2 protein chains.
Amino acid sequence: MTNRNVVSFENIKVACKNCSLATLCLPMGLSPEDMERLDSIVKRGRPFHRGDHLFREGDNLHSLRVITSGSVKTFTPSEDGGEQVLSFHLPGELIGLDAIQNESHTCSAKALETTAVCEIPFHNLEELSSSMPSLQHQMYRLLSREIGQDSEMLTLLGKKSAEERLATFLLSFSERFKKRGFSATDFFLSMSRHEIGNYLGLAVETVSRLFTRFQDEGLLHVERKHVQLLDLPRLTTIVHGNENGRSHQRHV
Amino acid sequence: MTNRNVVSFENIKVACKNCSLATLCLPMGLSPEDMERLDSIVKRGRPFHRGDHLFREGDNLHSLRVITSGSVKTFTPSEDGGEQVLSFHLPGELIGLDAIQNESHTCSAKALETTAVCEIPFHNLEELSSSMPSLQHQMYRLLSREIGQDSEMLTLLGKKSAEERLATFLLSFSERFKKRGFSATDFFLSMSRHEIGNYLGLAVETVSRLFTRFQDEGLLHVERKHVQLLDLPRLTTIVHGNENGRSHQRHV
DNA sequence: AAAAACACTTGATCAAGCTCAATACAAATT
DNA sequence: AATTTGTATTGAGCTTGATCAAGTGTTTTT
């Protein structure tokens, strides 16, 4: 009896309907019954450790994955050992969407820290979404959102100055942590300076100098991975071009 | 009778099943019957002229659109009158996918020349795709492809030098024209130097200088919008980093 | 605890590509 | 044909951010 209780308790604990991330994730907008049908195809495996690959470029697409705890970077490795970081993912975010087109991953994904994920076998998901309009709708929305986010990133890399990029980066994490119930002004970044620079199209040294400068200007306090944002309004001004201070915009 | 013939002839002419772009477009992989069901929700309106908006940032999402002839740029306008060009679209390409998330366009689209489109009301498409797994599959694929393309663009803007960017741009058009049955080495670019620069994250002057340099080096011949690629192999080398010639990569 | 490996910071220098400015060319208008 | 307007090219100089280099601090390995 005791044993039975434990088992059923664990079953409840890991179900979509009890997941605090459900509103950020695939189940959003689903009825309790639909959520249970979705739940039935979700697999929850052992956690990944820092540096583990969730998948590699070229791997066949088996499953989409949702981060449930920890964080992940996706990146495209290049011949010479370099890489382009495409994004950093927090709990509730779905990864692997790029792989649907050719049933094969076009980027790699690595855990930045100990990370747990839900795996959703894509073929099952596709089938299920055929008979579940609200799930199909949510899939379309999530795919579309990814496209919109990429567009913002294109603007960042195409037009913004180094300081605009870092400020944008920091406020993006601030908002995302806030949405997940964490502090918007006090958090740990799980990625290295190198990875931040790579993501933002900047050299490590530039990122380091900017952190120092932002701290000197009283915008934030930073110690290693621990960041405290002290002046959100001014950071926001920087993100939006900083018309006052800087004379030079990058080419309009 | 004559009248009837004319009408039915025109009906046939514009149907998906007779469209040379069908394999690039939504109908790809659909059975003839499914194609007809899709066809029944497609609307074909008057063509747009150079400079006309297909839609504007903030517009409600009514329809996805497929270019059937001409070309289109999508871009995000910024407060100060500037813009970030997100992409250039050729016949067979679907635009508006970014708008699905919030049922509202996050970018604007403008015709670069006289341009015809098929409009596909999204709500009808979504409904239809619920009862047509192959259409749903094709939608997932197209959305996923867009994500993959954006990722490539992130690498271009994050890592590549000016000359790598222009070479990549030219070869991308080369391939896309080829796929549509046009010359891969002799074509007209419908966008201005300014728009190319904006798209590639470069100043107009840099684009102009690069065209001149590429011509001096015998890689291509360019006169205004008319481009003839003379040395595809060398252009390809440039795209992939050009290990030989250049000493400086942008930060690895 | 020492050593090695790694990550981050700071400084000095350099160059890719931007800005400014002038000119050339093409298309549209009168 | 001449004027206007817009687009593209070319030149000169400057700025941002990269590269190179050295040093500091942190984590992991031995």
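Remember, it's a predicted structure, so these values are computed and weren't measured experimentally. Just so it is clear: chains get the letters A, B, ... in the order the sequence lines come, proteins before strands, and each one is counted from 1.
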State plainly whether the residues [X] and [Y] are in salt-bridge range, i.e. N to O under 4.0 Å.
X: Glu175(B); Y: Lys179(B); value: no
X: Arg213(B); Y: Glu217(B); value: yes
X: Lys73(B); Y: Glu83(B); value: yes

Protein-nucleotides 10-12 of chain D N/O pairs closer than 3.5 Å?
unit_1: dT10(D); atom_1: OP2; unit_2: Thr212(B); atom_2: OG1; d: 2.6
unit_1: dG11(D); atom_1: N7; unit_2: Arg209(B); atom_2: NH1; d: 2.8
unit_1: dG11(D); atom_1: O6; unit_2: Arg209(B); atom_2: NH2; d: 3.3

- Message: Are Phe187(B) and Phe182(B) an aromatic pair, judged by ring center distance below 6.0 Å?
- Response: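 Not under 6.0 Å, so no.
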When you check the side-chain N and O atoms of [X] and [Y], is any donor under 3.5 Å from an acceptor?
X: Asp98(A); Y: Thr106(A); value: yes
X: His105(B); Y: Asn60(B); value: no
X: Glu113(B); Y: Ser71(B); value: yes

- Task: Would you indicate, yes or no, if dT9(D) has its OP1 or OP2 atom less than 4.0 angstrom from a side-chain nitrogen or oxygen of Arg193(B)?
- Result: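 Yes, within the criterion.
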- Terminal helix-axis angle for the helix from dA1(C)-dT30(D) to dT30(C)-dA1(D), with five pairs defining each axis and rounding to 10 degrees: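 One end's axis against the other's: 40°.
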- Query: If you check the Ala162(A) side chain, which of dC8(C), dA8(D), dG17(D) turns out closest?
  - Reply: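 Output: dG17(D).
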In whole Å, I'd like the distance from the [atom1] atom of [X] to the [atom2] atom of [N].
X: Lys160(A); N: dG17(D); atom1: NZ; atom2: P; result: 14 Å
X: Phe211(B); N: dA24(C); atom1: CZ; atom2: P; result: 22 Å
X: Leu200(B); N: dC18(C); atom1: CG; atom2: P; result: 11 Å
X: Leu157(B); N: dA16(C); atom1: CG; atom2: P; result: 19 Å
X: Lys225(A); N: dT9(C); atom1: NZ; atom2: P; result: 10 Å
X: Met191(B); N: dA8(D); atom1: CE; atom2: P; result: 11 Å
X: Arg213(A); N: dG17(D); atom1: CZ; atom2: C1'; result: 11 Å
X: His194(A); N: dC8(C); atom1: NE2; atom2: P; result: 10 Å

- Would you mind telling me which of Arg193(B), Glu195(B), His194(B), Arg165(B) makes a side-chain contact (heavy atoms from CB on, under 4.5 Å) with Val207(B)?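 Per the side-chain contact (heavy atoms from CB on, under 4.5 Å) rule, the option paired with Val207(B) is Arg193(B), out of Arg193(B), Glu195(B), His194(B), Arg165(B).
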- Distance under 6.0 Å and angle within 45° of the ring axis: does Arg180(A) meet both against Phe177(A)?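 Arg180(A) over Phe177(A) ring: no.
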